[in-house]
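We number each residue from 1, following the sequence as shown.
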Amino acid sequence: MGIKLIFVIFCISAVFILFLAILKTDGINDTKLEFKYLHNTSYTDVNISSVTRFITEPKCESDFVVWVVTSSANNPLQRSALRHAYSNEILRSLSITRVFLLGIGKENMWKHISRESQMYNDLLQGDFLEDYRNLTIKHLMGLRWASENCKATFLIKSDDDIVLDIYKILQFLRKDILKKNAIAGYILRRMEPVRISNNKWFVTREDFPDNIYPDFLSGWFYITSLKVVQLLVSTSKQFKNFFWIDDVFITGILRQECGLELEGLNGFYATDYRYLECCIRGKKEQVQCEFIAGPDGGKKELHIKFREFSEFCQQNCSKRMRKQSVLKTCVAPYEEKINIVNSKAQVHYI
């Protein structure tokens, strides 16, 4: 009798496990269909709330600044560089919560992402594939999470390959000199869509029918208030389609729909990582850097070195004189042309 009972229990357990496996398989298949749809379209014909189910979600503890960083699930080294530059302990002391925005990466990254999340509690991962055509989904996911979970006053948005002087950015915010109804960053005006078909950032007439984008900000880095973020997220729900170039859509099209202004910080952006290196060398003369943001040029250690320099200069450096300008004294002179390539402000040497 005991053996029969054990056998019955075994059979019931096996059926139950099989049932769960079938459900899981169906769920995966459905998810792949949804992923394929998002991956292959220029617009996402769905509401933002329905596609940004959070797989991994941190807590928002700061009451001053929330910093969202566009990153890739497949590139943990870039996040590691930022954490070494500005550790969670440093950020807490500055009343900043930093969150890295991820999609779903390669299968072999699952365990690493889970371990990374448990260790740092700073990953916000959405239920969509890592792909440049899903950048708008990722960007909006970060804004929605911040608007719903944070009590901060301001939001900083950046990419994980952009070096920032957080100390100087905080000075801007504390002086309360930014316009209330605006997004501040590197303004790109009258930019044209890329119409070259073999270009990665090719935009069809169906994607974007007009010849000129609304003025927008480089996705490298911008700052705004959380009230503006809440307005952007609320207004995004009225859109049936999202244009896939995220900074054009969010700080251009969506921003325009909200009636928000753009505030230019162009003079504070370095368009070449070598300018930041020249700033760091200025530590000997104890002069400040004229930039608060710039690309790392693939040099991950630059995040750490620039933070150390910025921290030193808080108390020890004087303002650069005009004749000491990095733009005038660093790197051999060249002409530079700012253009819209992969929706970022980039320098082309001519």
Using 4.0 Å as the upper bound for N to carboxylate O, is an ion pair formed by Glu277 and Lys299?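 Yes, Lys299 and Glu277 are salt-bridged.
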
Can Leu232 and Ile183 be said to form a side-chain contact (heavy atoms from CB on, under 4.5 Å), step by step? CA-CA 11 Å; Leu232 288 169; Ile183 312 174; 4.1 Å; yes

Quiz question: by atom type and distance under 3.5 Å, do the side chains of [X] and [Y] form a donor-acceptor pair?
{"X": "Asp246", "Y": "Thr136", "answer": "no"}
{"X": "Gln256", "Y": "Asp215", "answer": "no"}
{"X": "Glu192", "Y": "Tyr213", "answer": "no"}
{"X": "Ser325", "Y": "Glu290", "answer": "yes"}

For residues [X] and [Y], report the shortest heavy-atom separation together with the two atoms involved.
{"X": "Trp145", "Y": "Cys60", "value": "CH2-CB, 3.6 Å"}
{"X": "Ile90", "Y": "Ala85", "value": "CD1-O, 4.1 Å"}
{"X": "Cys317", "Y": "Val287", "value": "CB-C, 3.8 Å"}
{"X": "Asp210", "Y": "Pro193", "value": "O-CG, 3.7 Å"}
{"X": "Ile187", "Y": "Asn266", "value": "N-OD1, 2.9 Å"}
{"X": "Pro295", "Y": "Tyr273", "value": "O-CB, 3.2 Å"}

Spacing of [atom1] belonging to [X] relative to [atom2] belonging to [Y], to within rounding of 0.5 Å:
{"X": "Gln288", "Y": "Gln324", "atom1": "CD", "atom2": "CD", "result": "11.0 Å"}
{"X": "Ile137", "Y": "Trp244", "atom1": "CD1", "atom2": "CH2", "result": "14.0 Å"}
{"X": "Arg307", "Y": "Leu302", "atom1": "CZ", "atom2": "CG", "result": "13.0 Å"}
{"X": "Asn88", "Y": "Ile96", "atom1": "CG", "atom2": "CD1", "result": "11.0 Å"}
{"X": "Met109", "Y": "Leu102", "atom1": "CE", "atom2": "CG", "result": "9.0 Å"}
{"X": "Glu308", "Y": "His303", "atom1": "CD", "atom2": "NE2", "result": "13.0 Å"}

May I ask you to decide if [Y]'s main-chain N or O and [X]'s side chain share a donor-acceptor pair within less than 3.5 Å?
{"X": "Ser95", "Y": "Ser62", "answer": "no"}
{"X": "Glu263", "Y": "Lys179", "answer": "yes"}
{"X": "Thr235", "Y": "Leu231", "answer": "yes"}
{"X": "Asp165", "Y": "Tyr167", "answer": "yes"}
{"X": "Arg195", "Y": "Thr204", "answer": "yes"}
{"X": "Ser236", "Y": "Val233", "answer": "yes"}
{"X": "Asp247", "Y": "Ser218", "answer": "no"}
{"X": "Ser80", "Y": "Pro76", "answer": "no"}
{"X": "Ser117", "Y": "Ile113", "answer": "no"}
{"X": "Thr153", "Y": "Ser225", "answer": "no"}

Phe242 and side-chain contact (heavy atoms from CB on, under 4.5 Å): which single residue from Ile250, Ile253, Leu140, Leu254 fits?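 Of Ile250, Ile253, Leu140, Leu254, side-chain contact (heavy atoms from CB on, under 4.5 Å) with Phe242 is met by Leu140 alone.
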
Single hit among Leu155, Leu164, Asp122, Thr97 for side-chain contact (heavy atoms from CB on, under 4.5 Å) with Trp67: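 Only one of Leu155, Leu164, Asp122, Thr97 forms a side-chain contact (heavy atoms from CB on, under 4.5 Å) with Trp67, namely Leu164.
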
Should the pair Phe208 and Phe243 be assigned to parallel (<30°), tilted (30 to 60°) or perpendicular (>60°) ring geometry?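 Phe208 vs Phe243 ring planes: tilted.
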
Would you mind listing every disulfide bond (SG atoms under 2.5 Å apart) that reaches into residues 191-234, with sequence neighbours excluded?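 Non-adjacent pairs meeting disulfide bond (SG atoms under 2.5 Å apart): zero.
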
Is any side-chain heavy atom of [X] less than 4.5 Å from a side-chain heavy atom of [Y]?
{"X": "Gln125", "Y": "Met141", "result": "no"}
{"X": "Thr70", "Y": "Asp160", "result": "no"}
{"X": "Leu123", "Y": "Glu116", "result": "yes"}
{"X": "Lys157", "Y": "Val229", "result": "no"}
{"X": "Phe64", "Y": "Phe154", "result": "yes"}
{"X": "Cys150", "Y": "Leu226", "result": "yes"}
{"X": "Ile292", "Y": "Ile166", "result": "no"}
{"X": "His84", "Y": "Lys300", "result": "no"}

Phe268/Tyr186 aromatic ring centres below 6.0 Å: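 No - the distance between ring centres of Phe268 and Tyr186 does not fall below the 6.0 Å cut-off.
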
Given the rule in the side-chain contact (heavy atoms from CB on, under 4.5 Å) test, do Leu173 and Val65 qualify, once you have shown the distances and angles that lead to the verdict? CA-CA 9 Å; Leu173 298 179; Val65 175; 3.8 Å; yes

Within a reach of under 6.0 Å around [atom1] of [X], are more than 12 heavy atoms found that belong to other residues, nucleotides or ligands?
{"X": "Ile196", "atom1": "CD1", "answer": "no"}
{"X": "Arg205", "atom1": "CZ", "answer": "yes"}
{"X": "Lys305", "atom1": "NZ", "answer": "no"}

Test Met191 against Phe216 for side-chain contact (heavy atoms from CB on, under 4.5 Å), laying out the working first. CA-CA 9 Å; Met191 289 295 182; Phe216 66 100; 4.0 Å; yes

Side-chain heavy atoms under 4.5 Å apart, restricted to Ile/Leu/Val/Met/Phe/Trp/Tyr: what other residues fall into the cluster of Met119, or is it alone?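 When side chains under 4.5 Å apart are linked, the cluster holding Met119 also contains Tyr120.
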
List the steps and the verdict of salt bridge (Lys or Arg N to Asp or Glu O under 4.0 Å) for Lys106 and Glu130. CA-CA 9 Å; Lys106 300 173 183 176; Glu130 285 288 2; over 6 Å; no

Using only the SG atoms, decide whether Cys278 and Cys330 are less than 2.5 Å apart.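 A disulfide, yes.
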
Could you walk me through whether Phe100 and Arg83 pass the side-chain contact (heavy atoms from CB on, under 4.5 Å) check? CA-CA 11 Å; Phe100 294 97; Arg83 292 192 189 104; 3.9 Å; yes

Check the pair Arg274, Asp272 against salt bridge (Lys or Arg N to Asp or Glu O under 4.0 Å), reporting the backbone distance first and the verdict last. CA-CA 5 Å; Arg274 289 171 291 184; Asp272 191 301; 2.8 Å; yes

Please evaluate residues Glu61 and Lys151 with respect to the criterion salt bridge (Lys or Arg N to Asp or Glu O under 4.0 Å), reporting the C-alpha separation (whole Å), side-chain torsions for both, the decisive distance (0.1 Å), and the verdict. CA-CA 8 Å; Glu61 300 173 342; Lys151 296 179 180 178; over 6 Å; no

Disulfide bond (SG atoms under 2.5 Å apart) between Cys289 and Cys279, intermediate numbers included: CA-CA 5 Å; Cys289 187; Cys279 277; 2.1 Å; yes

Row check, Phe312 ring normal vs Lys283 NZ/CZ: under 6.0 Å, within 45°: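 So Lys283 does make the cation-pi contact.
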
